[in-house]
Amino acid sequence: MQSPKKTQSIFKKADALAKYCLVIDKYWDDTVEGVKKTRQAMDKVAEEQAHTFNRMLDSNNDECFNRQLKQLHDLMLLFLG
């Protein structure tokens, strides 16, 4: 078994703390970048859904509704007499 001083010397010589810090910094940078990309993707999907919803609302105005209601009424007359 190595002595703690020997282990510490090996770690110092290998610059282990600096390398460890670089890996941790890279991990957090990648994490932040991943969160940003996820948020951008979610914002895009939300914007597309809002656009689709607004288009649906616009297409279902009173005139459209009345036209669909008349078509339904005409079909009922056709099939039910």
Please set out all donor-acceptor pairs under 3.5 angstrom arising from side-chain atoms of residues 34-47, sequence neighbours excluded.
unit_1: Thr38; atom_1: OG1; unit_2: Gly34; atom_2: O; d: 2.8

Hey, could you give me the [atom1]/[atom2] distance between [X] and [Y], rounded to the nearest 0.5 Å?
X     : Y     : atom1 : atom2 : value
Asp29 : Leu22 : CG    : CG    : 10.5 Å
His73 : Leu80 : NE2   : CG    : 10.0 Å
Glu33 : Lys26 : CD    : NZ    : 9.5 Å

Can you name the residues that form a side-chain contact (heavy atoms from CB on, under 4.5 Å) with [X], not counting sequence neighbours?
X     : answer
Glu63 : Asn61, Arg67
Leu69 : Phe65
Thr7  : Gln2, Phe11

Mind checking what makes salt bridge (charged side-chain N to carboxylate O under 4.0 Å, His left out) contact with [X], not counting sequence neighbours?
X     : answer
Asp25 : none
Lys70 : Asp74
Lys6  : none

**Report entry** Backbone N/O of Tyr27 and side chain of Thr31: donor-acceptor pair under 3.5 Å
**Finding:** yes
